[in-house]
Amino acid sequence: MNNMKTRFAPSPTGYLHIGGARTALFNYAYAKHYGGKFVLRIEDTDFERSEKKFEEDIIESLKWLSIFPDEEIIFQSDRLNIYRSYIDKLLKEDKAYYCFCSKELLEEDRNKLIAESKKPMYVGRCRELKPDEALLKTPHVIRFRVDRSPGVATGFKDLIRNQHISVANDEIDDFVLVREDGIPTYNFAVVIDDALTGITHIIRGDDHVSNTPKQIMLYNAFGFNTPEFAHVSMILGSDGKRLSKRHGATSVNQYKKEGFLPEALVNYLIRLGWSHGNDEIFSLEEIIKYFDLKNISKSAAIFNTEKLLWLNSHYIKSKDPFDLIDMINDIRGDLESPLNIDIKTASLVDSLKSRAKTLVELRQKLGFFVNETIDYKDEILSEFNFNESDLLFLKSFREFIDGLNNEIFNSDNIDLTDKAGKANALEMLKNSIESIKNEFNYFLSKNNWTMKEKAMIIRLAFTGEKVSPPIYEIIFAMGKERCIKRIDKFYDYIINIKR
RNA sequence: GGCCCCAUAGUCUAGCGGUUAGGACGUUGCCCUCUCACGGCAGUAACACGGGUUCGAAUCCCGUUGGGGCUGCCA
């Protein structure tokens, strides 16, 4: 069944939000699973609200998530002539009609009906009108003539609920197909495009279920084959309400900026409302392999950042430190200098990657290393009581660092230009750190000291913080000179507060 | 208000007539440990309610309640 085709059809009236990303992902995964095609269509018929920057964001964000369309992107604004020819057909067959009611008049009608506690539907004033040339020159819209025969209903089988959803025709308004400015409305354009481009399966948000019967009427009116429909329930915020800005980040690009990996977001989004047994971790390949609409849950899902963070840390841990450096540099803010792509930085990133849940956090934890100098803060250090023996220790620790073999730190001949070089570098790094560890342990035991009692003062001297990567790794990354500088600075700091 | 949809722990979910109701996030405790993490082990917590059907219902049916969506010349 290789003519299966799905689509993602966002309107560029906002940045790609996570709900849209999930819909795109479902469509993509479904098509790929069955060896079909996935296409992207930008529904930009609302000129008021559509913006170029949103359009670009949607395309970029999908790319970032590795969701690639199989065909050229379709823009509805390029297809206005096509819609026009199809509306003529409907008019000719009397399946649609001109409506000359003004917006004000319609508003009045509506208010009156609501006051009488009736359904606010179009009253049908122009339904049987036969307009002449002169009248046609006045402002008008084109409405679809819904079959109002008693007992008639329009329905479809929803692939996710696996059940028939049917709505009585008299619940459905004579909806507008073409607006006063001649631009087609959503319900009309979407049917023409889906039919003409051969979309076989429409997977979209729950909020469209009430549009589906209208669209099916149009498929029938044009004699098109109706596609299959699947309505995915929506993503809700932490309070169970519709997800919005006040719940935090809602757009894909925000998650990128906040240091999430696309793998994590994809994994989170696919698991939100879909399952494959008890599995939690899915690569895109695995998603494609296992995905099916049968396993999509019917109920709405609440977005949970904690779990996304867990997935993100999982994927960060699995990354090569050099890749992480690239990614951190890619999303860095204007105020941050780029990270050096060298073995020293990589060693710290490698160590820090299990300690950070986002790239942003990882970058922050690198602060003591990236900044040439650090300031010791009284509010952190005041809780420690340093004494003479600490000063003595710092002196001999300084000597120890100074006496370390320079070869341990030598990374001059390491070639980082390709994957193999980087892998090799990572191996050498481990050896160097192991050497430092051995030397340091010897230094400690020689003096009858333990790591436990000396680690904190070293940590404070090197980073100014109570929390840091392991000592040996800091020594390797900073090198002898910088370590000694900080020991000296810390020594002075203690001397000063002692006075 | 009307129409449509949904309902297993705080959250995401497995389950598809017979299970000690499983997994994951979170959370708690312990272990590991140079800090913090990672990791390992253990614990915590759920079938919304009421009627049916059935020998037997989380599972099937009906209702109640709660939630969501739609009710635009937006998509």
Side-chain angles (χ1 to χ4, degrees), chain A residues 9-14 43-46 48-50 76 99 101-103 106-107 110 114 117-121 139-143 155 158 160-161 163 165-168 170-173 175-187 189-190 204-213 231 233-234 236 238 240-242 268 271-281 295 297-311 313-314 317 351-357 365 437 440 444 450-460 463 465-472:
Chain A
S11 65
T13 54
E43 310 224 319
D44 53 352
T45 52
D46 184 349
E48 298 279 306
R49 299 196 305 147
S50 294
Q76 288 192 324
C99 173
C101 301
S102 70
K103 284 178 186 171
L106 257 19
E107 185 65 30
R110 169 173 288 108
I114 291 171
S117 60
K118 286 179 184 162
K119 285 174 217 157
M121 290 172 70
H140 59 267
V141 301
I142 298 172
R143 287 181 183 274
D158 186 89
I160 286 168
R161 276 148 260 273
Q163 138 184 202
I165 298 176
S166 177
V167 176
D170 56 17
E171 290 288 340
I172 299 172
D173 215 346
F175 54 100
V176 173
L177 300 172
V178 179
R179 307 189 299 213
E180 209 169 271
D181 58 7
I183 305 300
T185 60
Y186 162 73
N187 276 313
V190 85
R204 71 207 330 185
D206 219 346
D207 47 340
H208 281 294
V209 287
S210 54
N211 282 323
T212 305
H231 292 95
S233 58
M234 319 214 67
L236 271 27
S238 46
K241 302 280 180 213
R242 196 189 188 123
Y268 181 71
R271 266 299 275 119
L272 194 60
W274 174 78
S275 60
H276 180 259
N278 282 333
D279 297 349
E280 294 288 348
I281 305 293
N295 308 311
S297 89
K298 295 188 270 276
S299 49
I302 290 174
F303 191 86
N304 181 239
T305 312
E306 294 295 325
K307 188 150 184 183
L308 209 209
L309 280 167
W310 173 72
L311 280 164
S313 55
H314 169 85
K317 270 177 271 177
S351 164
L352 248 17
K353 69 183 187 181
S354 66
R355 295 172 161 80
K357 292 186 169 179
K365 288 187 191 297
K437 181 181 175 181
F440 186 69
L444 284 176
T450 63
M451 186 63 167
K452 208 173 187 67
E453 60 186 359
K454 298 303 176 195
M456 191 51 83
I457 189 169
I458 298 173
R459 185 185 329 283
L460 291 168
T463 70
E465 305 281 345
K466 286 188 285 183
V467 172
S468 82
I471 305 289
Y472 320 120

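Labels below follow one simple rule: chain letters A, B, ... track the order of the sequence lines, proteins then strands, and each chain is numbered from 1.
Salt bridge absent: K365(A) and E465(A) never bring a charged side-chain N and a carboxylate O closer than 4.0 Å.
Residue side chain R49(A) reaches the base of C74(B) through a donor-acceptor N/O pair under 3.5 Å, judged by distance alone. Counting distance only, with no hydrogens placed and no angle test, the side-chain atoms of E280(A) and the base atoms of G23(B) include a donor-acceptor pair under 3.5 Å.
Nearest nucleotide to the R242(A) side chain, out of G69(B), U35(B), C34(B): G69(B). With G26(B), C34(B), U11(B) as the choices, the nucleotide that has an atom nearest any side-chain atom of I471(A) turns out to be C34(B). Considering only side-chain atoms of S210(A), the nucleotide from C34(B), U11(B), C70(B) that sits closest is C70(B). In the set C3(B), G39(B), C12(B), C3(B) carries the atom at the smallest distance from any side-chain atom of V167(A). The listed nucleotides are G26(B), U35(B), C34(B); the one nearest the side chain of V467(A) is U35(B). For E171(A), counting side-chain heavy atoms from C-beta on, the closest listed nucleotide (G2(B), G26(B), C4(B)) is G2(B). For S354(A), counting side-chain heavy atoms from C-beta on, the closest listed nucleotide (G67(B), C34(B), C38(B)) is C38(B).
Under a 3.5 Å cut-off, the side chain of E453(A) and the backbone N or O of T450(A) do form a donor-acceptor pair. Between the side chain of R271(A) and the main chain of D279(A), a donor-acceptor pair closer than 3.5 Å is present. At distances below 3.5 Å, not a single donor-acceptor pair connects side-chain atoms of K357(A) with backbone N or O atoms of S313(A). In this structure, N187(A) contributes its side chain and L177(A) its backbone to no donor-acceptor pair below 3.5 Å. Of the possible polar contacts, none joining the T13(A) side chain to the R49(A) backbone as a donor-acceptor pair under 3.5 Å is found.
Counting any heavy atom pair closer than 4.0 Å across all strands shown, K365(A) reaches no nucleic acid atom. No engagement by T450(A) is indicated, since no non-hydrogen atom pair under 4.0 Å with the nucleic acid exists. Counting any heavy atom pair closer than 4.0 Å across all strands shown, G273(A) reaches sugar-phosphate atoms only and no base atom. Counting non-hydrogen atoms under 4.0 angstrom, E306(A) reaches the backbone sugars and phosphates but no base. Residue-level contact check: K466(A) touches the bases, meaning some heavy atom is under 4.0 Å from a base atom. Nucleic acid contact class of S299(A) (heavy atoms, under 4.0 Å, all strands): sugar-phosphate only. Here Q163(A) lies in heavy-atom contact (under 4.0 Å) with sugar-phosphate atoms only. When heavy atoms are screened at a 4.0 angstrom cut-off, K118(A) is found touching no nucleic acid atom at all. V176(A) comes within 4.0 angstrom of sugar-phosphate atoms only, judged by non-hydrogen atoms across all strands, and of no base. Counting any heavy atom pair closer than 4.0 Å across all strands shown, H208(A) reaches a base atom.
Atom C1' of C47(B) sits at a distance of 25 Å from the matching atom of A42(B), rounded to the whole Å. When the C1' atom is compared between A7(B) and A58(B), the two are found 12 Å apart, to the nearest whole Å. Using C1' as the reference atom, G69(B) and C74(B) are 15 Å apart when rounded to the nearest Å. Comparing C32(B) with C41(B), their C1' atoms sit 11 Å apart, to the nearest whole Å. One C1' atom belongs to U20(B), the other to C55(B), and the distance between them is 22 Å to the nearest Å. Remark: the separation of the P atoms in U27(B) and G63(B) is 42 Å, to the nearest Å. A14(B) and C60(B) have their P atoms separated by 13 Å, given to the nearest Å. Taking the P atom of each, C49(B) and U65(B) are spaced 16 Å apart, rounded to whole Å.
Against the 90° criterion about 0, the sugar-base torsion of C36(B) places it in the anti range.
Atom CG of L309(A) is separated from atom P of U27(B) by 11 Å (rounded to the nearest Å). Taking atom CD1 on I302(A) and atom P on G69(B), their separation rounds to 12 Å, with Å as the unit. Nucleotide G23(B) holds its P atom 14 Å from the CH2 atom of W310(A), rounded to whole Å. Between the CZ atom of F303(A) and the P atom of G10(B) there is a distance of 20 Å, given to the nearest Å. One can place CZ of R459(A) at 8 Å from P of C36(B), the figure rounded to the nearest angstrom. Following rounding to the nearest Å, F175(A) (CZ) and G72(B) (P) show an atom-to-atom distance of 13 Å. Atoms CG (N211(A)) and P (C5(B)) sit 15 Å apart, rounded to a whole Å. Atom C1' of nucleotide C4(B) and atom CE of M234(A) are separated by 14 Å, given to the nearest angstrom.
Pair check for C47(B) finds none; no Watson-Crick or G-U wobble contact set falls under 3.5 Å. Pair check for U11(B) finds A24(B); Watson-Crick or G-U wobble, both atom distances under 3.5 Å. Figure legend. C60(B) is base-paired to G52(B); pairs are counted as Watson-Crick or G-U wobble with both atom distances under 3.5 Å. Figure legend. G1(B) is base-paired to U71(B); pairs are counted as Watson-Crick or G-U wobble with both atom distances under 3.5 Å. With a cut-off of 3.5 Å on both Watson-Crick or G-U wobble distances, the partner of C34(B) is given as none.
Looking at H208(A) and V190(A), their side chains never come closer than 4.5 Å, going by heavy atoms from C-beta outward. Here the side chains of N304(A) and Y268(A) are in contact, with some heavy-atom distance below 4.5 Å. In this structure, the side chains of D158(A) and Q163(A) stay at 4.5 Å or more apart for every pair of heavy atoms.
Comparing S238(A) and R110(A) along RNA chain B, the residue whose closest nucleotide (by nearest heavy atom) sits nearer the 5' end is S238(A). Looking at which nucleotide of RNA chain B each of P470(A) and R271(A) is closest to, the 5′-most match is held by R271(A).
Scanning both residues, S233(A) and D206(A), for their nearest heavy atoms gives CA-OD2, 3.4 Å.
For the pair T45(A) and A75(B), the criterion of a side-chain N or O lying under 4.0 Å from OP1 or OP2 is met. K298(A) has no side-chain polar atom (N or O) that falls below the 4.0 Å cut-off from OP1 or OP2 of G68(B). At least one side-chain nitrogen or oxygen of K241(A) sits closer than 4.0 Å to the OP1 or OP2 atom of G68(B). Applying the 4.0 Å criterion to OP1 and OP2 of C34(B), one finds that K437(A) has every side-chain N and O outside that range. Neither OP1 nor OP2 of C70(B) sits under 4.0 Å from any side-chain N or O of R204(A).
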Produce the list of close N/O pairs, under 3.5 Å, pairing protein atoms with atoms of nucleotides 14-18 of chain B; give distances to one decimal.
{"unit_1": "A14(B)", "atom_1": "OP1", "unit_2": "S275(A)", "atom_2": "OG", "d": "3.1"}

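For the residue pair T212(A)/R204(A), the side-chain donor-acceptor check at 3.5 Å is satisfied.
Aromatic ring pairs are classed by plane angle as parallel below 30°, tilted from 30° to 60° and perpendicular above 60°; the pair H314(A) and W310(A) is tilted.
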